[in-house]
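First comes the structure, then the notes that go with it.
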Amino acid sequence: MFLRKLTVMVVPLALAWVLSLVLPLMSSWGFWSNAAKGVVLGAGLALLLPLSGATRRREPFAVLLWVPTVLLTATVVYQGLAAEGQWALPLLRVLETQSGQTVLVESTIVGFMLVQLFRTRK
């Protein structure tokens with residue numbers, strides 16, 4: 001019991017330390033640095049769930065996580081291409097953003113859903 005409590009306290013701190021070392025290395029990638037940081041943060045968050053007791057491995061509707069994951073990934077990729085000026089459609093101009101924080105949050109959700117999708121698949 002003590003080992004589980006120690007794991008719950010130490011692993012998030014170790015993950016935060018590793019992320020503080022890794023995330024600054026991604027800062028030179030421009031727009032894509034926020035996307036990469038978000039995916040790493042979301043995956044780390046999803047991997048911490050089993051420590052808190054969320055160990056349910058089978059979800060009947062986990063397959064449906066592909067739909068929002070693919071749509072949100074396509075949105076982030078479009079935002080990246082539009083920010084670089086490579087591909088912009090007038091109809092999708094509402095999706096364009098210049099805010100790195102928005103891309104970071106969207107990518108965090110993508111990373112979280114991807115890990116949960118693989119964790120809870122049948």
Side-chain angles (χ1 to χ4, degrees):
M1 188 65 140
F2 174 73
L3 189 59
R4 178 168 168 80
K5 289 180 182 180
L6 184 65
T7 303
V8 169
M9 291 185 297
V10 171
V11 171
L13 292 174
L15 183 63
W17 177 72
V18 168
L19 288 177
S20 70
L21 296 175
V22 171
L23 292 181
L25 299 176
M26 298 180 191
S27 295
S28 63
W29 299 349
F31 176 87
W32 300 107
S33 70
N34 289 322
K37 288 177 186 179
V39 170
V40 169
L41 288 172
L45 180 65
L47 291 174
L48 289 178
L49 281 176
L51 289 177
S52 65
T55 57
R56 188 168 179 188
R57 301 275 303 173
R58 304 273 184 219
E59 286 291 331
F61 298 110
V63 177
L64 295 178
L65 280 176
W66 279 106
V67 176
T69 303
V70 168
L71 290 175
L72 200 52
T73 303
T75 303
V76 171
V77 168
Y78 173 75
Q79 288 172 345
L81 293 175
E84 293 175 354
Q86 293 180 358
W87 193 53
L89 297 173
L91 184 62
L92 297 177
R93 194 163 298 263
V94 72
L95 295 176
E96 294 176 14
T97 183
Q98 299 298 326
S99 172
Q101 294 172 343
T102 304
V103 174
L104 183 71
V105 170
E106 290 170 347
S107 300
T108 302
I109 295 168
V110 167
F112 181 82
M113 286 192 299
L114 275 174
V115 171
Q116 282 298 100
L117 180 68
F118 288 113
R119 250 187 95 236
T120 58
R121 67 181 177 186
K122 284 186 174 183

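Values below: every heavy atom of this structure, side chains too, minus hydrogens, waters and symmetry copies.
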Taking atom CD1 of I109 and atom CG of L104, what is their separation to the nearest 0.5 Å?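 Output value for this atom pair is 10.0 Å.
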
From W66 atom CH2 to L71 atom CG, the distance as rounded to the nearest 0.5 Å: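 Rounded to the nearest 0.5 Å, the CH2-CG separation comes to 12.5 Å.
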
Same cluster (ILVMFWY, side-chain, under 4.5 Å), L21 and L41: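 L21 and L41: one cluster.
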
Flag yes if V39 and F118 sit in one hydrophobic cluster, no otherwise; membership is Ile, Leu, Val, Met, Phe, Trp, Tyr, and two members link when side-chain heavy atoms are under 4.5 Å apart.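 No; tracing contacts between hydrophobic side chains, which count when under 4.5 Å, never links both residues.
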
Taking T73 as the fixed residue, which of T69, V76, T75 is the one that meets the side chain to side chain contact (heavy atoms under 4.5 Å, CB included) rule?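 Only one of T69, V76, T75 forms a side chain to side chain contact (heavy atoms under 4.5 Å, CB included) with T73, namely T69.
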
Quick one: side chain to side chain contact (heavy atoms under 4.5 Å, CB included) partners of L45, sequence neighbours excluded?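 Here the qualifying residues are F112.
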
Which residues pass the side chain to side chain contact (heavy atoms under 4.5 Å, CB included) test with A36, sequence neighbours left out?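 Applying side chain to side chain contact (heavy atoms under 4.5 Å, CB included) to A36 gives M26, W29.
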
